[in-house]
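As structure tokens, the structure follows; a few thoughts come after it.
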Amino acid sequence: MAEAQATAASAAPAKAAAVKPAAAKPAAGHGDAVNIGPSAAELAMVQAPMTRREFLNYAFLGSLGIFLVVFGGAFFVFALPRFGAGEFGGVFDLGLAGDAIPGTEDAPKASTAARSWVSNTDQGVVALYNVCVHLGCLYGWEPITNRFECPCHGSKYEKDGTYIAGPAPRSLDRFVIRFTDANGTVLAETNAQGDPLEIPSPNALMIVDTGKIIQGKAHG
Ligand code: FES
């Protein structure tokens with residue numbers, strides 16, 4: 001009997017422990033580890049499916065980003081100079097004006113690289129594009145007649161490129177000339193009409209800009 005009572009007495013605390021409700025967790029104190037899990041709102045955001053509007057917004061922003069990258073790249077490539085110095089379509093440094101330009105009584109000087117004739121008259125100097133404006137043949141200087149003549153269909157031009165005769169529809173085209181000092185400061189430059197340019201000094205540097213062509217005047 002006494003043994004049964006002892007067994008019952010030892011079982012009682014175990015039962016009490018089994019039914020005892022869980023004690024509330026103590027508030028975290030300074031230095032205690034705190035488990036910070038996602039809040040209910042965060043869980044809802046993670047689990048919520050993307051709406052159609054959100055998808056369209058993301059698609060729009062993605063497309064905009066791609067467009068800006070492609071457009072920016074194209075703009076960068078376009079902004080680069082298309083021709084380097086000494087390359088036809090770019091600028092040619094012909095050296096000192098006193099050396100590069102013939103006298104007013106002399107025959108025009110050919111510059112093969114710049115595809116031009118440097119021709120000097122009492123009105124000034126011009127750089128003529130060496131291609132005939134009729135159908136694109138290369139014309140040449142005829143010292144006997146003192147003019148330019150095209151071998152293909154016989155168009156003729158004055159020393160400054162002005163049309164004289166033949167099937168060509170206009171005078172010869174000209175490139176812009178720039179004279180600079182040794183520091184690169186521009187001393188004189190061909191105007192928009194392509195008028196002959198006065199030589200500021202025989203020591204000026206002469207540059208022919210084959211990227212800037214001025215069409216000859218139509219005749220008739
Ligand atoms: S191409 Fe020069 S006259 Fe025809």
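Just so it is clear, the values below take in all heavy atoms, side chains as well, and ignore hydrogens, waters and symmetry mates. One-based numbering, in listed order, for ligands and for the atoms of each. Because the structure is predicted, anything quoted here is derived from the model rather than measured.
For Phe148, the ring-ring contact (aromatic ring centres under 6.0 Å, His included) partners at least two apart in sequence or on another chain are Trp117, Tyr139, Trp141. Qualifying ring-ring contact (aromatic ring centres under 6.0 Å, His included) partners for Tyr129, counting only residues two or more places apart in sequence or in other chains: Phe88, Phe175.
Between Arg178 and Glu189, at least one side-chain N (NZ, or NE/NH1/NH2) sits under 4.0 Å from a carboxylate O, which counts as a salt bridge.
Clustering ILVMFWY residues whenever any of their side-chain heavy atoms sit less than 4.5 angstrom apart, transitively, puts Ile164 in a cluster other than the one holding Val126.
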Using residues 55-63 as the side-chain source, report each donor-acceptor pair under 3.5 Å to any protein atom, sequence neighbours left out, with the distance given to one decimal.
residue, atom, partner, partner atom, Å
Ser63, OG, Ala59, O, 2.8

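Cysteines Cys137 and Cys152: SG-SG separation is under 2.5 Å.
For atom 4 (Fe) of ligand 1, the count of nearby protein N, O or S atoms, meaning those under 2.8 Å away, is 2.
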